[in-house]
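Residue numbers start from 1 in every chain, and the chains themselves are labelled A, B, ... in the order their sequence lines are given, proteins ahead of strands.
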Amino acid sequence: MRSILPVLTVVAVIVALWYGAAAAMNAQWVRDQAARAGTEVSLAQILPRTMSQERPVLPAPHQVAKGLWEGVAGQKITSKRSLVYHGWITLSATLLGFGIGTGLGILLAIGIIHNRAMDQSVMPWAIASQTIPILAIAPMIIVVLNSIGVSGLLPKAVISAYLSFFPVVVGMVKGLRSPDAMQLDLLSTYNASRAQAFWKLRLPASMPYLFASLKVGIAASLVGAIVGELPTGAVAGLGARLLSGSYYGQTIQIWSALFAAAIVAAALVGIVGAIQTRVLRRMGMAR
Amino acid sequence: MTLVFLALVTWVVTLVLNVRISRSAFSETRIGRLVVPAIFGLTVLLVWELLVRGLQVPTVILPPPSAIGARIAGSLPVLWGDFVQTFVKGALSGWLIGCAAAVATAIAIDRSPFLQRGLLPVGNFVAALPIVGIAPILVMWFGFDWQSKAAVVVVMVFFPVLVNTVEGLAATDRMQRDLMKTYSASYAQTLLKLRLPAAMPFIFNGLKIATTLALIGAIVAEFFGSPIRGMGFRISAEVGRLGLDMVWAEIAVAALAGSAFYGVVALVERGLTFWHPSQRRQR
């Protein structure tokens, strides 16, 4: 709680810097307009005009807030201009992909800890794949899946799944291995089977690791869904809003879509974090 | 059909081989640790090749690895040009600027606990956001050439490195700082001789995360507009022409560049933080 004041200060500084930058970057356009009209403008006249342009270089914070508000509350939810509509399309792809990726990731991790051959052959590749810019293949997956007749939600979800898959594998393997030798020995003195050891010791012990990688994974899933919307030619979704905004120079639209994406990301990570706190507290693992 | 059968046979044979090796003592040696994943990787390539040829998958859906290899060998100048444009000009310069700025900022706010308490949550928050979305804006500001890509990379790598550096600078013990104080060390001396070295493992953690982000940022930014070269441009252009072997060739180059970049940073880390427990050789 004691960090609320510093955080607010930092946010206030950022907003102030933003207003300053908006004034500086949009002033040129005002001067050009005045020069074209053959009039002189004073600094006091420039400033208000930099804050209310139709297509500013950098929209002022209140313009973005207005764009965001109009996008969320000013439209019908089904309207093509509603950010809720686009946000939902992106969110559904994100969640579907995240579910698939996490499920497969946990399954592979279970396979890896129970099978030495699998561990030694797959694990180095799983770790190496984290250094690879996987997002680069997003357009290809979309086009290839389109060409074999799969379109809509699934191609984007595949990209999301792929991005959340590897963090979950690596985190879960670490987590399922986290019980130390003493605890594993205790279970073997109880004559516990491998399945019992898994359900009663390994799985509960892996929860903190699982949630840490779920947070990384869900953020990556959202990025994947947004980037996956770029090559489809801007049909629907937050990524499509970004792309069409950049085609037509609608800077306010880009910034509103960006903030909508940021809010969705923060909400998703926040939800995972809240579940984490509750689960770990119920399990007696909260610090 | 024989090729499909052959693919299955290859899969089973190498699987048995890998299980055998991983159960023997050989897998504990250094070579054994490399051989098992290498066999697995080769198996995947081989099965891919045989299945694509056996099932006659059209190359517009999935080209066989041999075709990709031939494409790489046949268009080295193009790939090299794209690599220089995207990696050297876009990703590398952005990575250097962003990381330097982040470390400098962390040291600048280091003296104010107030700023640190405020900046850490904000930094953590921003690090989780889909920052690639800022690409169209920066492309608008800085033009189509590599400067806008470098700008995207700067923004993407800044916060992870900043958060890690701030955490690292706080990683010294009270005891160690007290010792420096009894030596009557100045702030600069404490920073240079104790706290920066102690922060190195954290900083390198941030730098390694940033290597992947840098390449992603540079490639994705090219989807929003770029001159007629660059990996991201080539990928989106060739996808449009259904030249999937070229796309895979670019992906192979991106994967190689990404792993090499990461590897180089990890090597530098091993050299600079040889004293840290995580760098000790495991027995």
Subject >> Which of G41(B), A260(B), A257(B), S236(B) touches chain A most, by non-hydrogen pairs under 4.5 Å >> reply: G41(B)
Original post:
Picking from T9(A), L8(A), I218(A), which has the most non-hydrogen pairs under 4.5 angstrom with chain B?
Top reply: T9(A)
Original post:
Are K149(B) and E222(B) ion-paired here, with the side-chain N under 4.0 Å from a carboxylate O?
Top reply: no
Original post:
Quick one: do R229(B) and D82(B) make a salt bridge, cutoff under 4.0 Å?
Top reply: no
**OP:** Specify which of I251(B), I137(B), T43(B), I134(B) makes the most heavy-atom pairs with chain A at under 4.5 Å.
**Re:** I137(B)
Original post:
For Y262(B), is it the side chain, the backbone, both or neither that has a heavy atom under 4.5 Å from a heavy atom of chain A?
Top reply: side chain
Original post:
Between L242(A), V223(A), V269(A), T251(A), which residue shows the highest count of heavy-atom pairs closer than 4.5 Å to chain B?
Top reply: L242(A)
Original post:
More than 12 non-hydrogen atoms from neighbouring residues, nucleotides or ligands closer than 6.0 Å to CZ on F114(B), yes or no?
Top reply: yes
Original post:
Does any heavy atom of chain A fall under 4.5 Å from the side chain of I219(B), the backbone, both, or neither of them?
Top reply: side chain
**OP:** Quick one: sort the F87(B) and F83(B) rings into parallel, tilted or perpendicular, breaks at 30° and 60°.
**Re:** parallel
Subject >> I89(A) and E229(A): CA distance, side-chain angles, deciding distance, side chain to side chain contact (heavy atoms under 4.5 Å, CB included) verdict >> reply: CA-CA 10 Å; I89(A) 287 179; E229(A) 280 157 1; 4.2 Å; yes
**OP:** Side chain from CB out, backbone as N, CA, C, O: work out which of these in V11(A) comes under 4.5 Å of a heavy atom of chain B, or both, or neither.
**Re:** side chain
Original post:
Pick from W248(B), F261(B), W141(B): which one has the most heavy-atom pairs with chain A under 4.5 Å?
Top reply: W141(B)
Original post:
Using non-hydrogen atoms only, which part of S259(B) is less than 4.5 Å away from chain A: side chain, backbone, both, or neither?
Top reply: both
**OP:** Give a yes or no on whether Y19(A) atom OH has more than 12 heavy-atom contacts from other residues, nucleotides or ligands under 6.0 Å away.
**Re:** yes
**OP:** Sort V7(A) into side chain, backbone, both or neither according to what part of it lies under 4.5 angstrom from a heavy atom of chain B.
**Re:** both
Subject >> Contacting moiety of L58(A), where chain B heavy atoms sit under 4.5 Å >> reply: both
**OP:** Given side chain to side chain contact (heavy atoms under 4.5 Å, CB included), test I113(A) with D119(A) step by step and report yes or no.
**Re:** CA-CA 7 Å; I113(A) 60 148; D119(A) 172 27; over 6 Å; no
**OP:** Please flag which part of V122(B) lies under 4.5 Å from any non-hydrogen atom of chain A: side chain, backbone, both or neither.
**Re:** side chain
Subject >> Check: W48(B) ring centre within less than 6.0 Å of W11(B) ring centre >> reply: no
